[in-house]
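For reference, the structure discussed in these notes is given below.
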Amino acid sequence: MQITPTIRTEIQDYLEQHKMNMSQFAAKSGLNAGTVSGIVMSNRTISVHQLDCVTQAMEKPEDYYYTRYVQEYMLEASLDWRRVKAFLQRCTELDRLDCIAQVVSVLMDNAAYYVPLVFELAEEFFEQKLYKAAEILYENVASGERNQHSERLALSQYRLFTIRIGDDQSLNLRVATLFEPYVERLDEIDQLDALKDLANVYRSLHEWDKVNVTAIKLNRLAEIQYALEIITKEPLRPLFFYVAYSNLLMGGFYHDQGNYEMALEKANQYADLSWVRQTDADTLHWKALFAEWAKANILLARLMSGETQLLSDYVEFIETKEIEVTRGLWNIMIVANRFKVDVDRIINKYEQEISSLLKQDKNEIYNQQNTDDQHIGLLYELAHYSLLKEKYEEGYLHLFKGLEKSTIINNDNSTLRFMRLFEHFRKYASEEAKVEYHNLVRMEAII
C-alpha cells in the first residue's frame, strides 16, 4: 500500500530537491522565515492562506493540497472556527465542494456549538449567490436541527427550497412538498414570501388546488400584517403586495376551474387598491403593475366567457406590454381554439416572436418555471390551431417543439398532451413527421 506523504514532508522534499533554505523559500512564498520554519520543523497548524502561498511557491495548482489539508488539519476534535471559515470560503472560490462537505460533516459531531456558526456562513454564501456551497451548509444545519422546531431549521429548509427549484418540474413538485410543512415555523414576515414562492411553484405545475390553499393562507396572513401598526421587519415587497397577489393567485385558480365569474371578481379586487395607504415609489410601482394585470385578466375572463368581440381590445393591450406577449398569445390561441375564431391575422402579426420561440436551442437551460409553462402552452395551442385548419406541416412543427421542451423540463402532463394531440392527427402525418415523433418519444423515455 502506497503511503501518501504529508504536506510538511512534501515541502521538505521540495527544499532539498531545489537546494533552497528556508529564507529563500520564504522570499519566494511571500511568508516570513519564522513562519516557514514553524511549518516545516514543527506540528504547527497551517492556515489556508499560508497553504496557498506555499502551493504557489511550489508551482502547483491552487487547490493541489486541499484534500490532504482536510485530512491532516480539519479532522480534529476541536477546530478553530476562524480557520475553518477561512478554508470554507476559499473552497467556494475554487469550487471544492467535496472539501466543504467533508469539513462540515465533521463539524456536525459537535452540532450544538457549530450549527449557529455554519448557518451564519450559509447565509453569507446565499447572499453572495454561492448556492452550491450554501446548499451543503444548509443541509447540515437542517440535519443538525432535525429534532428541533427552530426557526433556523425552517429558514434552512426555505433556503434549500429556493436553491433547488429549477427546470425539472417533477423534482420541483417533490421539493415544494418537502418544504411546505416548514412554512408556518418561519416568522410571519418570512412566511409571506415563502407562501408566495410556494404558490408560484404550484402554479407553474398546474397544481391549482394547492395554489388556492396556499393563496388563502397568504391572504389571511398578509391582511393581518397590513393591519398592524408596527411590524418586526420589512418584507421584500410592500405589505399590500401580498394581499393583492393572493387575490391574483386565487383568480388564477378560478380561471383554471372555468369559473370566470369568480375570476373576474378576484381581478376586480386587486384592480381596486384605493385602500393602500403608502405612497412611496416601490408601492406606486407595484400598484401600477397590479392595475395592468387586472386589466388583462378582466379582459381575459370576459373572453373566456365567450365575449370574443373583445379579442381586438385584448390584442391592443398586449401590443403595449412586451413582457405579456407570450402569455397574451397563449390566451388568444386558447380562445381561438375554444370558440373556433380565425386568428391568422394575429399569428402573422406576431410571426417574429413565434419564430424566435421555435428557434430556441434544445439544450437551452430554462430557469423560469412560469415562462417555460407559457412557452409550452402557446406551442400546444398553435399546434392544435394549425392542425384543425389542416396546416399540417406548421402544426407538427409547433407540436414537436412543444414536445421537446416538455421533455427537457420533465413536464409529464404536457408531454402526454402533445402525444395525444399527435395520435389524434397521426393519419395526416408524413413519414418524416412520424420518424421525428418516434425519435422525440424515445428521447422522452430515455430521460
Side-chain angles (χ1 to χ4, degrees), residues 7 45-52 55 62-63 65-166 171 174-191 193-194 197-198 232-233 236:
I7 296 172
T45 299
I46 307 174
S47 71
V48 67
H49 169 69
Q50 292 166 351
L51 178 66
D52 287 343
T55 304
E62 288 181 283
D63 63 342
Y65 287 116
Y66 275 32
T67 300
R68 270 184 276 174
Y69 186 75
V70 171
Q71 297 298 320
E72 294 176 30
Y73 297 101
M74 291 282 159
L75 301 183
E76 303 168 9
S78 178
L79 290 168
D80 177 71
W81 173 246
R82 287 179 300 177
R83 182 159 57 87
V84 173
K85 181 179 179 180
F87 180 65
L88 294 176
Q89 289 172 322
R90 186 70 177 124
C91 284
T92 63
E93 295 172 12
L94 300 178
D95 200 30
R96 287 303 302 266
L97 301 179
D98 56 327
C99 292
I100 293 175
Q102 283 182 283
V103 172
V104 177
S105 177
V106 172
L107 298 180
M108 290 304 105
D109 290 340
N110 187 3
Y113 177 76
Y114 285 113
V115 159
L117 298 171
V118 171
F119 176 77
E120 184 180 330
L121 182 59
E123 290 284 86
E124 289 181 26
F125 287 167
F126 188 83
E127 285 295 317
Q128 296 166 29
K129 296 182 171 52
L130 300 170
Y131 296 129
K132 290 182 180 179
E135 182 178 7
I136 295 170
L137 270 56
Y138 285 126
E139 283 176 342
N140 281 273
V141 170
S143 177
E145 299 262 85
R146 63 183 177 277
N147 296 322
Q148 308 297 322
H149 290 272
S150 69
E151 186 180 326
R152 185 164 52 222
L153 169 61
L155 198 50
S156 294
Q157 293 290 355
Y158 183 22
R159 300 290 192 241
L160 288 170
F161 163 79
T162 303
I163 291 168
R164 289 169 175 169
I165 291 298
L171 177 59
R174 293 197 294 273
V175 170
T177 303
L178 287 171
F179 169 59
E180 191 171 346
Y182 294 95
V183 173
E184 293 183 3
R185 301 189 197 180
L186 295 164
D187 73 40
E188 287 82 358
I189 297 300
D190 286 332
Q191 280 186 47
D193 283 298
D197 294 343
L198 194 60
T232 56
K233 65 180 181 181
L236 293 178

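FYI, the numbering just counts along the sequence from 1.
When the ring-ring contact (aromatic ring centres under 6.0 Å, His included) test is applied to Phe179, the partners found at least two apart in sequence or on another chain are Tyr158, Phe161. In this structure, the side-chain contact (heavy atoms from CB on, under 4.5 Å) partners of Glu135, at least two apart in sequence or on a different chain, are Glu139, Leu160, Ile163, Arg164. Considering only residues two or more places apart in sequence or on other chains, Tyr113 meets the ring-ring contact (aromatic ring centres under 6.0 Å, His included) condition with none of them. Residues satisfying the side-chain contact (heavy atoms from CB on, under 4.5 Å) criterion with Ser47, sequence neighbours excluded, are His49, Gln50. Under the rule for a salt bridge (charged side-chain N to carboxylate O under 4.0 Å, His left out), Glu180 has no partner lying at least two apart in sequence or in another chain. Partners of Phe87 under the ring-ring contact (aromatic ring centres under 6.0 Å, His included) rule, at least two apart in sequence or in another chain, are Tyr66, Tyr69. By the side-chain contact (heavy atoms from CB on, under 4.5 Å) test, Thr177 is found to be paired with Leu173, Tyr202, residues two or more places apart in sequence or in another chain being considered. Residues that satisfy the ring-ring contact (aromatic ring centres under 6.0 Å, His included) test with Tyr65, not counting sequence neighbours, are absent from this structure. Checked against side-chain hydrogen bond (donor to acceptor under 3.5 Å, both in side chains), Thr45 has no partners two or more places apart in sequence or in another chain. Evaluation of the salt bridge (charged side-chain N to carboxylate O under 4.0 Å, His left out) rule for Asp190 yields Lys233 as partners, not counting sequence neighbours.
The shortest distance between side-chain heavy atoms of Leu88 and Val104 falls below 4.5 Å. Residues Leu79 and Tyr114 form a side-chain contact, since some pair of their non-hydrogen atoms from C-beta on lies under 4.5 Å apart. For the pair Val118/Met108, a side-chain contact is recorded, criterion being any heavy-atom separation below 4.5 Å from C-beta on.
Every pair passing side chain to side chain donor-acceptor pair (under 3.5 Å) that includes a residue from residues 93-109 is listed here, sequence neighbours excluded: Asp63-Arg96, Thr67-Arg96, Arg90-Glu93, Arg96-Asp98. Within the structure, side chain to side chain donor-acceptor pair (under 3.5 Å) contacts touching residues 120-129 (residues at least two apart or in different chains) are Lys85-Glu124, Glu123-Tyr138, Glu123-Arg159.
Note that CD1 of Ile46 is 5.5 Å distant from CD1 of Ile7, once rounded to the nearest 0.5 Å.
Annotation for Cys91 and Ile100: closest pair CB-CG1, 3.5 Å, computed over non-hydrogen atoms. Taking each heavy atom of Val141 and Ser156 in turn, the nearest pair found is CG1-OG, 3.3 Å. Here the closest non-hydrogen pair linking Glu62 and Thr55 is O-CG2, 3.9 Å.
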Does the side chain to side chain contact (heavy atoms under 4.5 Å, CB included) test come out yes or no for Tyr73 and Leu51, once each step is laid out?
CA-CA 11 Å; Tyr73 297 101; Leu51 178 66; over 6 Å; no
Mind running side chain to side chain contact (heavy atoms under 4.5 Å, CB included) on Met74 and Val106 for me, showing each step along the way?
CA-CA 8 Å; Met74 291 282 159; Val106 172; over 6 Å; no
